[in-house]
Amino acid sequence: MTQPLRTVHTEDALVWLANNALPEHASVFTSLPDAVEFRHRDVERWRPWFVAAAERVLRSTPPHGCAIFYQTDRKLDGVWIDKAFLVQQAAASCGSALLWHKIVCRAPAGRATFARPGYAHLLCFSQRHRDAIEAATADVLPELGPMTWPRAMGLAAADAAVRWLRERAAARCIVDPFCGVGTALAVANAHGLDAIGVELHAGRAERARRLTLATPPAADRDGAPNPSDRQIS
Ligand SMILES: C[S@@+](CC[C@H](N)C(=O)[O-])C[C@H]1O[C@@H](n2cnc3c(N)ncnc32)[C@H](O)[C@@H]1O
């Protein structure tokens, strides 16, 4: 069996997306940077950048492919910054349809959290692909799973997203234009899919070239996702 490919570019994602067409059978799975990672660290300057970046991602996604965003809101100075709303603003301006919106629990229901809410969003969009109603998957995911670093996607959520893209959207390649240390890329490769990442930070890009998951996704082995039996290297 041929090994799935992984390529990581150390570059500005928006420049890279403007200059490179994604492979025909690619879908996107990404997590756009928070205001604290933005070069100005100023929420009012970050907000329009975030919407424009989400729009660039959606416009770059092949028409029959899907783009999944994994985003966690912020609570800042008494104001809720709703990133699902911002991504949906981008989708509305480029005519991309919302296929589903899942909630991933970061804390048990009933527990208060502070700077970040007790859940993250997974939102899936496409220009042309449509999800069959009888193929519905869970809307509330009970846990994130282990994280490779504090700003990472949780592995259980990443597994669910990549599995959906492979099985429901016929993805053969996963592109993460803000790939961080490469969580989405490693999960894609573990599912047998090629992966392309872009990351501005050279050290993270280097980690993204090497990150591997020691075991294949549990759901592929026994049909029961079990994020706790994974190891990260
Ligand atoms: C929320 S983190 C992504 C984390 C990633 N999902 C993971 O699991 O490691 C966002 C990443 O985007 C990167 N980034 C910020 N601005 C960027 C840009 N203009 N182009 C490419 N990467 C950028 C940051 O360095 C950071 O690693």
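For clarity, every value in this text was computed on a predicted model and none was experimentally measured. For reference, positions follow the sequence shown, starting with 1. All ligand and atom numbering here is 1-based and tracks the order in the structure.
Remark: the backbone N or O of W46 is not paired with any side-chain donor or acceptor of D42 at under 3.5 angstrom. Remark: the backbone N or O of G65 is paired with a side-chain donor or acceptor of S126 at under 3.5 angstrom. No donor-acceptor pair closer than 3.5 Å links the side chain of E206 to the backbone N or O of G203. Judged by distance alone, with hydrogens and angles left aside, the side-chain atoms of R106 form no donor-acceptor pair with the main-chain N or O of L144 at under 3.5 Å.
When non-hydrogen atoms are compared, ligand 1 lies under 4.0 Å from the side chain of W149 (C-beta onward) but not from its backbone. Only the side chain of E37 comes within 4.0 Å of ligand 1, counting heavy atoms alone; its backbone N, CA, C and O stay farther away. With a 4.0 Å cut-off on non-hydrogen atoms, M153 touches ligand 1 through its backbone as well as its side chain. Residue A53 does not touch ligand 1, judged by heavy-atom distances below 4.0 Å.
Legend: salt bridge (Lys or Arg N to Asp or Glu O under 4.0 Å) pairs involving residues 5-33, not counting sequence neighbours: none detected.
When the options E199, E11, R207 are ranked by their closest heavy atom to atom 13 (C) of ligand 1, first place goes to E199. Across the listed options S31, P33, A202, C179, C179 owns the non-hydrogen atom lying nearest to atom 5 (C) of ligand 1.
Heavy-atom proximity to R151, at under 4.0 Å, picks out these atoms of ligand 1: 1 (C), 4 (C). Of all atoms in ligand 1, numbered sequentially from 1 with element shown, those under 4.0 Å from a heavy atom of A13 are 18 (C), 20 (N), 21 (C). Residue T183 has at least one heavy-atom neighbour below 4.0 Å for each of these atoms of ligand 1: 7 (C), 8 (O), 9 (O). For ligand 1, the atoms closer than 4.0 angstrom to any heavy atom of D12 are 19 (N), 20 (N).
Cluster partners of Y119, by chain and number: W80, I103. The rule joins Ile, Leu, Val, Met, Phe, Trp and Tyr whenever side-chain heavy atoms lie under 4.5 Å apart.
Closest to atom 22 (N) of ligand 1 among all protein heavy atoms lies L200 N, 3.2 Å.
The aromatic rings of H129 and W164 lie perpendicular to each other, with more than 60° between the two planes, well past the 30° mark.
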